[in-house]
Amino acid sequence: MQRRIFTEDHESFRKTIRDFIAKEVAPVYHDWEKQGHPPREFYNRLGELGVLGIEAPEEYGGGGVSDFTYSMVIAEETSAAGVTFGSYSVHSNLILPYLVEYATDEQKQRWLPGFCSGELMFAIAMTEPGTGSDLANISTTAKLSEDGSHYILDGAKTFITGGALADRILVVARTAAFDESNRRAGLSILVVDTTSEGFAVGRKIEKIGLKASDTAELSFSSVRVPVANRLGEEGAGFSYLAHNLAQERLTIAIGASATAAAAVQHAIAYTKERDVFGKPVAAFQNTKFVLAECSAEVEAIRQFVDRALELHNEGELTVPDAARAKLFATETAGKVIDKCLQLHGGYGYVLEYPIARLYADTRVTRIYGGTSEVMKTIIAKDLGL
């Protein structure tokens with residue numbers, strides 16, 4: 001079906017990204033996977049291309065473009081090539097809205113130029129070993145020093161994307177005592193310099209997918225964080241997190257849409273080339289039926305996610321609708337990619353083939369950013385249930 005979300009500018013950007021991947025990413029991607037992340041200078045290259053700060057204000061070195069469609073283009077091109085840009089998506093799609101919306105002018109001057117250039121890479125630390133999706137139960141604490149100039153940060157975080165290489169980390173911590181009557185109160189967001197004494201990167205988590213994106217455990221032992229590094233108001237952290245949930249979940253839905261479409265294209269190419277019983281796998285009726293079914297499912301995902309993207313660009317995408325988009329896109333993409341892998345036979349299980357990486361990389365989309373079960377809970381509440 002015809003898509004109406006892309007302009008000539010988007011297609012020109014697509015060519016730039018496609019050429020960049022072919023020249024600077026695909027030839028070395030296997031090395032990134034073995035290392036567990038891209039080389040640090042790769043993010044400087046993304047900064048030079050203008051990728052990291054497309055939506056950041058121009059006065060801080062950004063593109064000043066309020067159009068999330070460029071993120072869709074990147075997702076589609078990386079998925080088609082079977083690569084990722086490391087922790088780029090967390091840095092640019094998840095964290096930038098916090099800085100633009102809640103940072104003071106002084107903080108923006110300190111952080112955004114480096115954010116856009118790649119000199120300062122950011123991560124966000126919410127999840128703790130005992131909390132998972134229950135952010136209201138965060139136990140990491142930040143207590144004011146006696147002179148009121150610093151917070152003393154203590155606690156641990158896990159599953160932090162980009163945490164091993166980050167220069168600054170947005171840490172969600174409890175700045176007021178836990179209140180059972182209002183579990184969401186008392187949380188604040190502190191921007192932690194990773195060179196601070198008492199901060200440590202712990203175990204690098206080995207995952208079944210997304211191997212070129214580092215994921216780490218972090219610990220904070222009496223880390224002194226200047227009050228000037230608090231993002232927004234004290235105690236308002238949970239509302240800030242909720243404000244950005246729609247874009248976070250749309251980002252994941254966009255990725256699922258792109259990976260599902262890429263899987264179908266890989267399956268078509270493979271089944272045309274692979275011969276079984278004297279004829280191409282694509283010649284069998286079962287293959288045709290499976291790919292036809294997958295094509296219809298991909299179009300359904302695309303139409304859903306494209307519309308969600310339009311609503312987001314118009315400032316009208318709600319949290320429940322973002323949850324619907326994430327739930328449908330990730331669950332359906334998982335089914336599509338599984339069927340496309342099956343058409344590859346044994347080779348679908350070999351990492352040499354892009355479909356294997358897509359299969360492993362996509363599984364987590366039903367978990368991070370809020371599990372599918374959490375999405376269903378949000379949708380049910382919106383239905384008045």
Side-chain angles (χ1 to χ4, degrees), residues 2-26 38 42-101 112-118 121-122 161-162 213 244-262 301-317 322 325-326 329 365 369:
Q2 185 178 2
R3 303 174 75 190
R4 302 180 182 276
I5 63 172
F6 299 119
T7 65
E8 289 184 6
D9 287 341
H10 295 134
E11 296 305 336
S12 177
F13 180 72
R14 183 187 300 279
K15 185 179 185 305
T16 298
I17 295 299
R18 184 176 296 171
D19 291 345
F20 173 71
I21 291 171
K23 294 175 183 177
E24 302 190 37
V25 180
F42 169 71
Y43 296 113
N44 298 108
R45 285 291 291 125
L46 289 182
E48 292 170 9
L49 285 174
V51 168
L52 297 180
I54 292 175
E55 295 198 72
E58 290 183 86
E59 59 264 38
Y60 302 111
V65 178
S66 182
D67 182 2
F68 206 61
T69 313
Y70 289 96
S71 294
M72 171 78 86
V73 172
I74 293 173
E76 291 183 347
E77 291 305 310
T78 52
S79 294
V83 303
T84 65
F85 279 177
S87 59
Y88 140 79
S89 187
V90 167
H91 178 84
S92 295
N93 296 336
L94 271 62
I95 294 171
L96 182 58
Y98 289 99
L99 301 183
V100 171
E101 185 72 22
L112 283 180
F115 181 102
C116 296
S117 70
M121 289 303 295
F122 282 70
T161 301
S213 176
N244 285 319
L245 282 177
Q247 179 161 309
E248 178 180 358
R249 287 163 182 167
L250 174 61
T251 298
I252 298 169
I254 285 172
S257 174
T259 54
I301 299 172
R302 273 181 168 171
Q303 294 302 315
F304 198 155
V305 175
D306 284 2
R307 181 58 184 143
L309 176 62
E310 289 176 329
L311 289 171
H312 182 64
N313 283 338
E314 295 164 5
E316 296 180 2
L317 181 64
K326 179 184 185 295
T365 62

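Because only heavy atoms are used, hydrogens play no part in the values below, and waters and symmetry mates are left out as well, while side chains stay in.
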**Item:** Spatial distance of atom CD (Glu77) from atom OG1 (Thr16) [nearest 0.5 Å]
**Value:** 10.5 Å
**Asked** Parallel, tilted or perpendicular: which describes the rings of Phe85 and Phe20, with under 30° parallel and over 60° perpendicular?
**Response** perpendicular
**Asked** Given side chains that start at C-beta, do those of Val83 and Thr78 come closer than 4.5 Å, heavy atoms only?
**Response** yes
**Fill in**
One should read off an interatomic distance between Thr69 OG1 and Ile254 CD1, to the nearest 0.5 angstrom, of 8.0 Å
**Request:** Please round to the nearest 0.5 Å and tell me the distance separating atom CG of Leu317 and atom CZ of Arg307.
**Result:** 10.0 Å
**Item:** Check: Ser92 side chain, Ser89 main-chain N or O, donor-acceptor pair, under 3.5 Å
**Value:** no
**Item:** Heavy atoms of other groups near Glu314 CD, more than 12 under 6.0 Å
**Value:** yes
**Complete:** Here the pair of heavy atoms bringing Ile252 nearest to Gly369 is CD1-CA, 3.7 Å
**Asked** Can you tell me how far the CD1 atom of Ile74 sits from the CG atom of Leu49, to the nearest 0.5 Å?
**Response** 9.5 Å
**Euclidean distance, Leu94 CG relative to Asn244 CG, rounded to 0.5 Å** = 8.0 Å
**Request:** Taking all non-hydrogen atoms of both residues into account, name the closest pair between Arg302 and Ser257 and its distance.
**Result:** CG-OG, 3.6 Å
**Prompt:** Between NZ of Lys15 and CD1 of Ile17, what distance do you get to the nearest 0.5 Å?
**Reply:** 12.0 Å
**Prompt:** Are the side chain of Tyr43 and the backbone N or O of Ser87 linked by a donor-acceptor pair below 3.5 Å?
**Reply:** yes
**Request:** State, with a plain yes or no, whether a side-chain heavy atom of Met72 is found less than 4.5 Å away from one of Asp306.
**Result:** yes
**Asked** So, does Lys326 use its side chain to make a donor-acceptor pair with the main chain of Ala256 at under 3.5 Å?
**Response** no
**Residues Glu76 and Arg14 bridged, charged N to O under 4.0 Å** = yes
**Whether Asn313 side chain and Phe68 backbone form a donor-acceptor pair below 3.5 Å** = yes
**Asked** Does the Glu310 side chain pair with the main chain of Ile5, one donor and one acceptor, at a distance under 3.5 Å?
**Response** no
**Complete:** Heavy atoms of Ala329 and Val305 approach each other most closely as CB-CG2, 3.9 Å
**Request:** Mind listing the closest non-hydrogen atom pair of Ser79 and Gly255 along with its distance?
**Result:** OG-O, 4.4 Å
**Prompt:** Taking the inter-plane angle between the rings of Phe122 and His91 on a 0 to 90° scale, is it parallel (under 30°), tilted (30 to 60°) or perpendicular (over 60°)?
**Reply:** tilted
**Asked** Is the count of non-hydrogen atoms from other residues, nucleotides or ligands lying under 6.0 Å from Arg3 atom CZ greater than 12?
**Response** yes
**Request:** Taking all heavy atoms of Ala56 and all of Leu96, pick out the closest pair and write down the distance.
**Result:** N-CD2, 3.7 Å
**Request:** For residues Gly86 and Ser213, report the shortest heavy-atom separation together with the two atoms involved.
**Result:** O-OG, 3.6 Å
